[in-house]
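Quick notes on the structure that follows.
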Amino acid sequence: ALRTLQGISVDARIVGPLKCDRTVLKQYEGVADIIGAIPRSAMEKQYHWADVFVFPSLFEGSATVLYEALSTGLPVICSAASGPPPATSGVQVMQDVSVENIITAIERFCDNPVGSMPERFVLEEIGLCAYSRNIIQVISSLSNE
C-alpha cells in the first residue's frame with residue numbers, strides 16, 4: 001500500500017514483534033522504517049510521532065494497541081477483525097483488508113486529517129481516567145448491594 005500511494009509523501013514505521021525472516025523485510029527498505037519490538041513503555045513516543053495509526057490485522061479480537069493509540073489522541077485505521085471500539089470517532093474501520101482499502105483509508109485521512117481526529121469525549125471514554133471511573137462505579141455498586 002505504501003509503495004502504491006500516488007502523490008502522498010508518507011513516513012512509515014513498522015513497530016512490534018516481527019515473526020518473519022529479516023530478509024523478507026529487506027524489500028521494504030526505503031518504504032518504511034522497520035523498528036521491530038520495543039518495550040511497551042516506549043510506545044507512547046511512537047504514537048506521538050505518528051499522524052495516524054494503521055492496524056490492518058486479519059485476526060485480533062480486541063487489540064489493546066487501538067485503545068492505546070486512541071488514548072493519545074491518534075486517529076486509527078484498522079480492520080474489523082482487530083476489534084475496534086464500537087462507534088468511536090477517529091476510527092476508520094475496513095471491513096475487508098486489501099491493499100486498495102488501506103490506500104483508500106490513508107487517502108481519506110490525508111484529505112481530511114482534522115475531521116479524522118478523535119473528539120475529546122473519545123479520550124474520556126477509553127483513557128486511564130475512564131478506566132478509573134468505571135472501576136470506582138463497579139466497586140461502589142457492589143458495596144451498595
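Numbering starts at 1 and runs along the sequence shown. Since this is a predicted model, take the numbers as computed values, not measurements.
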Hydrophobic cluster of W49, others only, ordered by chain and residue number, side-chain cut-off 4.5 Å: none

For residues 32-43, the salt bridge (charged side-chain N to carboxylate O under 4.0 Å, His left out) pairs (sequence neighbours left out) are R40-E68

Flag yes if Y28 and V99 sit in one hydrophobic cluster, no otherwise; membership is Ile, Leu, Val, Met, Phe, Trp, Tyr, and two members link when side-chain heavy atoms are under 4.5 Å apart. no

For residues 74-85, tabulate all N or O donor-acceptor pairs below 3.5 Å that involve a side-chain atom, not counting sequence neighbours.
{"unit_1": "S79", "atom_1": "OG", "unit_2": "S57", "atom_2": "N", "d": "3.4"}
{"unit_1": "S79", "atom_1": "OG", "unit_2": "S57", "atom_2": "O", "d": "2.3"}
{"unit_1": "S79", "atom_1": "OG", "unit_2": "S82", "atom_2": "N", "d": "3.3"}
{"unit_1": "S82", "atom_1": "OG", "unit_2": "S79", "atom_2": "O", "d": "2.7"}

T23: what forms a side-chain hydrogen bond (donor to acceptor under 3.5 Å, both in side chains) with it, not counting sequence neighbours? D21

Restricting to side chain to side chain contact (heavy atoms under 4.5 Å, CB included), what partner residues turn up for E44, sequence neighbours left out? H48, T72

Sequence neighbours excluded, the answer for side chain to side chain contact (heavy atoms under 4.5 Å, CB included) partners of L18 is I14, R22, L25, I34

Point-to-point distance, once rounded to the nearest 0.5 Å, from NZ of K45 to CD1 of I38: 9.0 Å

What I'd like to find out is whether the side chain of L70 reaches to under 4.5 Å of the side chain of V91, using heavy atoms alone. yes

Partner set under salt bridge (charged side-chain N to carboxylate O under 4.0 Å, His left out) for K26, not counting sequence neighbours: E29

How about F109 and V54: do any of their side-chain heavy atoms sit closer than 4.5 Å? no

Set of residues satisfying side chain to side chain contact (heavy atoms under 4.5 Å, CB included) with respect to V10, sequence neighbours excluded: L2, L5, I8, A12

State yes or no: do V24 and L58 share one hydrophobic cluster built from I, L, V, M, F, W and Y residues joined by side-chain heavy-atom distances below 4.5 Å, directly or via other members? no

